[in-house]
Amino acid sequence: MVTYSVIAVCAVVYVLQLIPGSPVTELLWYAPLHTSEWAFQPWRMLTASVLHSPSSAMHILFNMMALWFVGRVIEPAIGWWRYLALLVLSAFGGSVAVLFLSPMTVPTVGASGAVFGLFGALFILLRAAGGQTGGILALIGVNVVIGFVIPQISWQGHLGGLITGVLCALVIAKTPEGPQRTVWQSGGLIAIGIALCGLTALGVPLVSP
């Protein structure tokens with residue numbers, strides 16, 4: 001249900017973005033400037049992930065199709081709350097990479113960070129289950145190359161989401177079996193969130209000249 005709920009939210013927000021004169025895009029997008037001392041609005045690091053480019057329907061279509069295909073595999077495999085944590089942390093991780101690697105005034109939008117987090121998580125989960133990983137590796141490779149070749153695609157967000165998704169999946173898959181497994185998984189995911197908050201704090205002086 002998380003997969004379908006996220007798709008529904010993105011679709012509704014996209015429709016609102018298309019309304020002439022709508023301020024939705026400008027109110028929710030993220031640029032490193034929004035984590036500076038001058039315009040400190042860190043919630044945009046997450047809200048930008050439900051936005052998509054109003055001028056390109058392919059942007060939202062690709063992300064939602066990827067979310068639908070991969071999400072329907074991962075969500076029932078790891079449970080809804082772990083899956084939700086994976087999505088949120090991957091989106092956050094994508095924005096953290098944008099903070100450090102993108103020009104401070106360039107805005108970013110899209111669920112690509114979360115989607116790349118799912119790609120990375122699927123690779124780890126397949127490896128842990130002894131499954132074939134060639135297909136997902138090829139998918140990741142192609143999309144990474146596209147991010148560098150095609151202008152106006154945030155490879156920074158893709159990279160941050162991918163790394164964060166891999167780390168989350170390692171926590172989920174590698175935690176030893178036992179009655180305390182859920183506790184350890186929760187602690188590990190919380191630790192990743194705290195680390196991302198710490199990195200954000202470290203990045204504030206970089207965008208506060």
Side-chain angles (χ1 to χ4, degrees), residues 1-11 14 46 48-53 56-98 101 108-177 181 185 188-189 192-193 196:
M1 292 307 298
V2 174
T3 298
Y4 296 129
S5 297
V6 172
I7 291 174
V9 169
C10 289
Y14 187 69
L46 292 178
S49 64
V50 299
L51 294 175
H52 290 85
S53 173
S56 174
M58 289 303 299
H59 187 208
I60 187 172
L61 287 175
F62 173 81
N63 280 340
M64 295 305 100
M65 286 182 63
L67 180 62
W68 184 68
F69 278 114
V70 181
R72 290 185 307 146
V73 175
I74 296 181
E75 183 175 355
I78 65 176
W80 72 268
W81 70 268
R82 296 176 187 84
Y83 176 71
L84 180 60
L86 169 64
L87 281 176
V88 173
L89 290 172
S90 296
F92 188 10
S95 291
V96 169
V98 168
L101 301 174
T108 58
V109 297
S112 301
V115 168
F116 268 75
L118 293 185
F119 290 164
L122 182 59
F123 171 75
I124 296 298
L125 295 173
L126 286 173
R127 284 292 297 268
Q132 297 293 324
T133 57
I136 187 63
L137 273 178
L139 180 64
I140 293 172
V142 168
N143 282 281
V144 166
V145 171
I146 289 174
F148 283 101
V149 172
I150 299 179
Q152 298 182 332
I153 291 182
S154 176
W155 63 265
Q156 299 91 338
H158 293 177
L159 178 63
L162 180 65
I163 294 173
T164 306
V166 166
L167 293 176
C168 290
L170 286 171
V171 167
I172 294 168
K174 299 300 183 179
T175 306
E177 296 284 351
R181 189 181 196 202
Q185 288 176 335
L189 294 172
I192 292 173
L196 292 174

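Index from 1, following the sequence.
- Among residue pairs with one or both ends in residues 71-80, those qualifying as side-chain hydrogen bond (donor to acceptor under 3.5 Å, both in side chains) are Thr3-Glu75; sequence neighbours excluded.
- One finds the CG atom of Leu167 at 10.0 Å from the CG atom of Leu89 (value rounded to the nearest 0.5 Å).
- With contacts defined as side-chain heavy-atom distances shorter than 4.5 Å, the pair Trp81/Leu189 qualifies.
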Only distances under 3.5 Å count here; give the side-chain donor-acceptor pairs of residues 112-130 to other protein atoms, sequence neighbours excluded, each with its distance to 0.1 Å.
from: Ser112; atom 1: OG; to: Asn63; atom 2: OD1; distance (Å): 3.3
from: Ser112; atom 1: OG; to: Asn63; atom 2: ND2; distance (Å): 3.3

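- Looking at residues two or more places apart in sequence or on another chain, you find no side-chain hydrogen bond (donor to acceptor under 3.5 Å, both in side chains) involving Ser5.
- For the side-chain hydrogen bond (donor to acceptor under 3.5 Å, both in side chains) test, residues two or more places apart in sequence or in another chain that qualify with Glu177 are Arg181.
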Would you be so kind as to tabulate the donor-acceptor pairs closer than 3.5 Å made by side chains of residues 168-176, with sequence neighbours excluded?
from: Thr175; atom 1: OG1; to: Val171; atom 2: O; distance (Å): 2.3

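- Shown here are the side-chain contact (heavy atoms from CB on, under 4.5 Å) partners of Ser49, two or more places apart in sequence or in another chain: Ala91.
- Atom-to-atom distance recorded for Ile7:CD1 and Leu67:CG is 4.5 Å, nearest 0.5 angstrom.
- In this view, Tyr14 and Gln17, Leu18, His52, Ala57, Ile60 satisfy the side-chain contact (heavy atoms from CB on, under 4.5 Å) rule, not counting sequence neighbours.
- Scored by the side-chain contact (heavy atoms from CB on, under 4.5 Å) test, Val109 finds Trp29, Leu51, His59 as partners (sequence neighbours excluded).
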